[in-house]
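Right, one structure below, let's go through it.
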Amino acid sequence: MHKRVTTAAFRKMKQDKQKISMLTAYDYPTGKILDASGVDGILVGDSLGMVVLGYEDTTRVTMEDMVHHIKAVSRGVERALVVGDMPFLSYHMGIEQSVRNAGRIIQEGRAQAVKLEGGQEILDDIRAIIKAGIPVMGHLGLTPQSIHNIGGYFIQGKTVEQAQKLIQDAKALEDAGVFALVLECIPAELADLISSQLSIPTIGIGAGKGCDGQILVTHDLLGIYQGKSPSFVKRYAEIGITMEKAVSQYIQEVKQGFFPGENQSFHMDAEIVEKLYGGGN
Ligand code: KIV
């Protein structure tokens, strides 16, 4: 049994100037592999919609989708902190529903925390969720659930006004009690400034190296997702190509009669075979 990484451990890592590593997972085997690799936190992100379910954006992901995948990941993870994303419209229909949905992610999904996108406009929901005993991770900058409002996947916070608004939002989220804050697709200088002004850790994605931790979508990092990846992604492997090659080889071997071979076959006694062929009666 491994000692579980907690939200307090995230805060401690910032204090100790130890960088925090996070990745996304959406299923049991990936959760298990990431956990065994020693990652600090696993986000079951609503990026699920794009990289696993084949949607064009995250707005079609439902609470049922999230709970189903969070459950699967949680079953495979013993050590890392599991954070479940609250999907589009699951925290915009009143505080009671926000708390109930966050509660499902903990109670049914078995995650240890939830993540919500947005700043001052969702503070009441965040406060109520935290009051119910559920740790909350914030998410500012590029917030994909608002893609129709933002108009595209652009870098956020490039003007003084936008940057100041992000700084205010970050401080408001910290005051509301979030234990960590994802900063997505903002200039590195702004992420540095926000990280230096907060006592909670910032987790960057496309936000430079000054954040207290980093997160990437695992399907991008491993080269599984064949759609367009953002330019801030670094591909550490080309698993998609490896899968395609392996599957092509399998198809060829089936067609040519090389698969299954002797090692993949079972046999019975020769006498029984003879009887079956009609020689034994
Ligand atoms: O849904 C997700 O995977 C995310 C990360 C990109 C931070 O929100």
Side-chain angles (χ1 to χ4, degrees), residues 10 20-27 30-31 34 39-63 65-70 72-73 77 80-91 101-102 105 109 111 113-119 122 126 135-147 150 152-157 166 169-170 173 178-186 191 194-195 200-208 211-222 224-225 227-235:
F10 264 46
I20 300 167
S21 60
M22 285 193 74
L23 283 170
T24 63
Y26 316 96
D27 57 38
T30 313
L34 298 188
V39 77
D40 298 309
I42 296 178
L43 170 72
V44 188
D46 63 353
S47 48
L48 163 79
M50 286 149 99
V51 301
V52 172
L53 302 179
Y55 297 148
E56 67 282 9
D57 58 46
T58 59
T59 60
R60 286 174 67 180
V61 178
T62 63
M63 268 306 292
D65 293 331
M66 289 310 303
V67 169
H68 180 71
H69 287 269
I70 295 166
V73 172
V77 178
L81 179 82
V82 177
V83 181
D85 237 347
M86 293 195 64
F88 183 62
L89 289 190
S90 67
Y91 50 100
N101 284 331
I105 289 174
V114 299
K115 178 169 81 59
L116 284 74
E117 294 180 6
I122 56 162
I126 288 180
V136 173
M137 176 176 266
H139 183 157
L140 292 174
L142 180 62
T143 46
Q145 287 173 18
S146 313
I147 193 62
I150 299 171
Y153 295 95
F154 310 125
I155 303 166
Q156 302 296 301
L166 278 175
D169 277 345
L173 289 175
V178 306
F179 74 92
L181 176 61
V182 169
L183 295 175
E184 178 165 354
C185 218
I186 65 170
I194 294 175
S195 303
I200 54 166
T202 56
I203 310 293
I205 173 161
C211 292
D212 303 300
Q214 297 291 329
I215 183 164
L216 277 179
V217 169
T218 298
H219 285 55
D220 289 335
L221 170 147
L222 294 179
I224 299 173
Y225 182 56
K228 197 170 171 288
S229 292
S231 62
F232 56 73
V233 168
K234 181 170 173 186
R235 284 200 180 219

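Quick caveat, the model's predicted, so the values are computed rather than measured. Scope of the values below: all heavy atoms of this structure, side chains included, with no hydrogens, waters or symmetry mates. First listed ligand is number 1; within each ligand, the first listed atom is number 1.
In this structure the side chain of Leu81 never reaches within 4.5 angstrom of the side chain of Met137, judged on heavy atoms. Side-chain contact between Pro230 and Asp220 is present, with at least one heavy-atom pair separated by less than 4.5 Å. No side-chain heavy atom of Met50 sits under 4.5 Å from any side-chain heavy atom of Pro144.
Between the Gln214 side chain and the Gly208 main chain, a donor and an acceptor come within less than 3.5 Å of each other. Judged purely by atom type and a 3.5 angstrom limit, His219 has no side-chain atom pairing as donor or acceptor with the backbone of Ile224.
The environment of CG in Leu222 is crowded: more than 12 heavy-atom neighbours from other residues, nucleotides or ligands sit within 6.0 Å.
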Run through all N or O atoms in ligand 1 and write down each protein N or O closer than 3.5 Å, as a pair with its distance.
| from | atom 1 | to | atom 2 | distance (Å) |
| --- | --- | --- | --- | --- |
| ligand 1 | 1 (O) | Asp46 | N | 3.1 |
| ligand 1 | 1 (O) | Asp46 | OD1 | 3.0 |
| ligand 1 | 1 (O) | Ser47 | N | 3.0 |
| ligand 1 | 1 (O) | Ser47 | OG | 3.3 |
| ligand 1 | 1 (O) | Asp85 | OD2 | 3.2 |
| ligand 1 | 3 (O) | Ser47 | OG | 2.5 |
| ligand 1 | 8 (O) | Lys115 | NZ | 3.0 |

